[in-house]
Amino acid sequence: MLRDYKPLAARLLQAGSGYAQPTQVLPERISVDDAAQQVMTDFRSITAIIILSGDSVDEAHRRMLQRGVRLLLVVDQDRHVVGVITARDILGEKPLQIITQRGLRREELLVRDIMTSLERLEVLDYAEVRVAKVGHIVSTLQGLSRQHAVVVERDAAGKQTVRGVFSATQIARQLGIAIVSSEIAHTFSEIETQLAR
């Protein structure tokens, strides 16, 4: 049966070869009236960057820098989401508070020490996101005083799966607004100022 199939030619891999990765092409320019899905990082199209809760905070920071993201999903050994950690968590005052309280060295600080755990992680429902506009997401992020919003999708039994994430910085970039500061209040006031023009 295999006589009808000619073998393919095999060659050596060239030095410096990269590898294919899923990509999601977000539109460069959007308006507040565009569909919210246009500004969501969709984990069906782009791989979520994950970290274990027992990994070091320094490793989480390295991974963020390496992958160019500001939020990691924190997972357990079975790859179930147990929380999130953001650049704001890592670079803010939280690590210093924990280090001081527990008498730790910086390299001993773990993701679980500063992450937002499952019990405190508010999420948006994908069914609502599908019919929302960008303006709804900006308003939601502002109302929650958050830089990011996690989106979950439910199956027929009601079980949640993390489907994607919204980033205030990404939305501002797509709206064509330059973000000067990473502080949430500045981000939203800059968005509102620009939109009022």
Side-chain angles (χ1 to χ4, degrees), residues 1-31 33-87 90 110-112 115-118 121 123-134 136-137 140 147-176:
M1 178 176 333
L2 289 179
R3 67 177 181 267
D4 295 333
Y5 299 95
K6 180 180 172 186
L8 301 178
R11 295 168 182 81
L12 294 174
L13 180 66
Q14 296 175 346
S17 295
Y19 58 94
Q21 297 181 54
T23 59
Q24 174 184 5
V25 179
L26 296 172
E28 280 187 40
R29 298 290 290 196
I30 49 101
S31 79
D33 294 321
D34 286 334
Q37 286 179 283
Q38 291 187 20
V39 295
M40 182 181 86
T41 300
D42 189 341
F43 295 147
R44 290 194 187 267
S45 302
I46 190 163
T47 304
I49 311 303
I50 62 172
I51 194 151
L52 294 170
S53 62
D55 287 344
S56 74
V57 169
D58 289 340
E59 171 58 27
H61 191 226
R62 274 192 297 276
R63 197 165 297 178
M64 285 179 187
L65 292 172
Q66 185 180 51
R67 295 304 197 99
V69 298
R70 297 182 57 81
L71 177 141
L72 302 175
L73 294 181
V74 182
V75 298
D76 62 16
Q77 297 294 338
D78 297 320
R79 291 192 175 234
H80 295 129
V81 178
V82 296
V84 297
I85 187 168
T86 67
I90 293 171
L110 302 178
V111 169
R112 75 171 61 94
M115 72 182 199
T116 300
S117 62
L118 195 62
L121 185 60
V123 295
L124 305 180
D125 193 299
Y126 184 67
E128 293 179 21
V129 166
R130 281 193 339 219
V131 296
K133 304 287 185 197
V134 172
H136 294 116
I137 303 305
T140 301
Q147 192 72 25
H148 297 92
V150 174
V151 179
V152 295
E153 187 172 38
R154 296 176 186 270
D155 65 14
K159 183 180 178 196
Q160 294 179 336
T161 300
V162 175
R163 172 68 188 260
V165 66
F166 288 107
S167 161
T169 304
Q170 177 65 42
I171 293 170
R173 189 177 306 123
Q174 287 178 266
L175 286 169

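Worth saying up front: this structure is predicted, and the values here are computed from it rather than measured. Below, each value reflects all heavy atoms present in this structure, side chains not excepted, and no hydrogens, waters or symmetry copies.
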What's the spacing between [X] [atom1] and [Y] [atom2] if we round to 0.5 Å?
X      : Y      : atom1 : atom2 : value
Leu73  : Arg79  : CG    : CZ    : 11.0 Å
Ile171 : Gln38  : CD1   : CD    : 11.5 Å
Ile90  : Arg70  : CD1   : CZ    : 9.5 Å
Lys159 : Arg154 : NZ    : CZ    : 12.5 Å
Ile85  : Leu110 : CD1   : CG    : 10.0 Å
Leu13  : Arg11  : CG    : CZ    : 12.5 Å

For a 4.5 angstrom cut-off between non-hydrogen side-chain atoms, does [X] reach [Y]?
X      : Y      : answer
His136 : Glu128 : no
Val82  : Met115 : yes
Gln37  : Tyr126 : yes
Ile51  : Val75  : no

Ignoring hydrogens and angles, tell me if any N or O in the side chain of [X] forms a donor-acceptor pair with the backbone of [Y] under 3.5 Å.
X      : Y     : result
Asp78  : His80 : no
Gln170 : Val39 : no
Arg63  : Ile50 : yes

Are Val151 and Val162 close enough, and set up right, to give a side-chain contact (heavy atoms from CB on, under 4.5 Å), and what steps lead you there?
CA-CA 6 Å; Val151 179; Val162 175; over 6 Å; no
Might you point out which heavy atoms bring Ile30 and Pro27 nearest each other, and give the distance in Å?
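Smallest heavy-atom distance, with atoms named: CG2-CG, 3.7 Å.
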Candidate list Val129, Val134, Leu71, Thr41, test side chain to side chain contact (heavy atoms under 4.5 Å, CB included), partner Phe166, passing option
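Result: among Val129, Val134, Leu71, Thr41, Val129 is the only option passing the side chain to side chain contact (heavy atoms under 4.5 Å, CB included) with Phe166.
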